[in-house]
Amino acid sequence: MRIKSPKDFWAGLMFIGFGLFFAVWAATFYRLGTSLRMGPAYFPTVLGALLAAIGLAILLGSLAVKGEKIASFHFRPLLLVLGGCVAYGYLMGPAGLIAATSALVLISAMGGHEFNWREVAILAVAMIVFSVLVFVKGLSLPFPLWPAMVQ
């Protein structure tokens, strides 16, 4: 057996792993039910099984069709985008929506290979305006815009 497409092989293996994990986890901890009376585990179990089946098809295809090799993995962008999301979650309550969104955009943008202050500032302002219009005004969610000491 020779792997002709390493990228597809590992992607298929990842899909199989995630799919089986969630299918087994849902079926173990929740009631499955039937097709007519679905329980809380029915949808995640079926979705996990479908993901595993797609992963198997991709994995088998990687053994038959020549494909790309795996490129080198860069941890810096992954860690900065993850750090931006974590900063957003921690800053949302004490600092407010505007500061949290600004931190999210700034930290995540540092993960890119073409960082430009002007573009990041424009994106941050656009995301803040969008978030305020959609979540605070449109959906009436009680997000604080500023820190409690400023309000």
Side-chain angles (χ1 to χ4, degrees), residues 5-33 35 37-59 61-62 67-151:
S5 177
K7 197 175 197 179
D8 287 346
F9 177 80
W10 291 108
L13 203 60
M14 180 187 66
F15 286 161
I16 292 170
F18 277 114
L20 289 178
F21 171 77
F22 284 108
V24 170
W25 181 74
T28 303
F29 293 106
Y30 295 109
R31 191 175 43 82
L32 189 60
S35 296
R37 295 195 48 90
M38 297 177 196
Y42 192 86
F43 185 71
T45 303
V46 170
L47 204 60
L50 287 173
L51 185 61
I54 290 170
L56 182 63
I58 291 171
L59 187 129
S62 74
E68 299 178 34
K69 294 185 185 233
I70 299 174
S72 61
F73 190 76
H74 303 284
F75 282 100
R76 184 175 184 266
L78 176 69
L79 293 176
L80 284 171
V81 170
L82 183 62
C85 293
V86 169
Y88 180 85
Y90 279 115
L91 290 174
M92 185 62 163
L97 179 67
I98 294 172
T101 304
S102 299
L104 169 68
V105 171
L106 176 67
I107 295 169
S108 297
M110 286 183 190
H113 60 279
E114 295 178 7
F115 184 83
N116 183 342
W117 280 105
R118 184 172 179 225
E119 292 175 0
V120 171
I122 291 170
L123 179 62
V125 169
M127 289 298 295
I128 290 168
V129 169
F130 177 80
S131 297
V132 168
L133 289 176
V134 170
F135 299 115
V136 177
K137 301 294 182 198
L139 296 173
S140 299
L141 295 175
F143 291 158
L145 294 179
W146 304 102
M149 63 185 159
V150 174
Q151 294 179 358

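All values below come from the heavy atoms of this structure, side chains included, with hydrogens, waters and symmetry mates left out.
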Handout entry: Verdict with reasoning, L78 to L82, per side-chain contact (heavy atoms from CB on, under 4.5 Å)
Key = CA-CA 6 Å; L78 176 69; L82 183 62; 5.5 Å; no
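- Inter-residue side-chain proximity for L97 and P144 is flagged as unmet; no heavy-atom pair is nearer than 4.5 Å.
- F115 CZ: more than 12 foreign heavy atoms inside a 6.0 Å radius.
- In terms of heavy-atom proximity, A23 sits nearest to A49 at CB-N, 4.0 Å.
- Distance CG/L59 to CD1/I16: 5.0 Å, rounded to 0.5 Å.
- Nearest heavy atom pair, residue A26 against residue A41, reads O-CB, 3.1 Å.
- Note that OH of Y30 and OG1 of T28 are 11.5 Å apart. Values are rounded to the nearest 0.5 Å.
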Practice task
Run the numbers on L80 and S108 for side-chain contact (heavy atoms from CB on, under 4.5 Å), then give the verdict.
Solution key: CA-CA 5 Å; L80 284 171; S108 297; over 6 Å; no
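- Minimum interatomic distance between A103 and L91 (heavy atoms only, all atoms of both residues): CB-CD1, 3.6 Å.
- Using a 4.5 Å cut-off on side-chain heavy atoms (C-beta onward), S62 and W10 make no contact.
- Atom CZ of F18 sits about 11.0 Å away from atom CG of L13, to the nearest 0.5 Å.
- Residue F75 places its CZ atom among 12 or fewer non-hydrogen atoms of other residues, nucleotides or ligands, all under 6.0 Å distant.
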Exercise for the section: Assess whether side-chain contact (heavy atoms from CB on, under 4.5 Å) is satisfied between W117 and L106, documenting all intermediate values. Expected result: CA-CA 9 Å; W117 280 105; L106 176 67; 3.4 Å; yes
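- Using cut-offs of 30° and 60° on the angle between ring planes, the pair W25 and F21 is parallel.
- Listed here is the closest heavy atom pair of I107 and G83: CG2-C, 4.1 Å.
- Taking every heavy atom of both residues into account, M110 and R76 meet most closely at O-NH1, 2.9 Å.
- For the atom pair L51 CG and L20 CG, the distance stands at 8.5 Å (nearest 0.5 Å).
- At a threshold of 4.5 Å between non-hydrogen side-chain atoms, the residues I122 and R118 count as touching.
- Within 6.0 Å of CZ on F15 lie no more than 12 heavy atoms contributed by other residues, nucleotides or ligands.
- Taken from CD1 in I58 to CE in M14, the straight-line distance is 8.5 Å, to the nearest 0.5 Å.
- To the nearest 0.5 Å, atom CG of residue N116 and atom CG of residue L123 are 11.5 Å apart.
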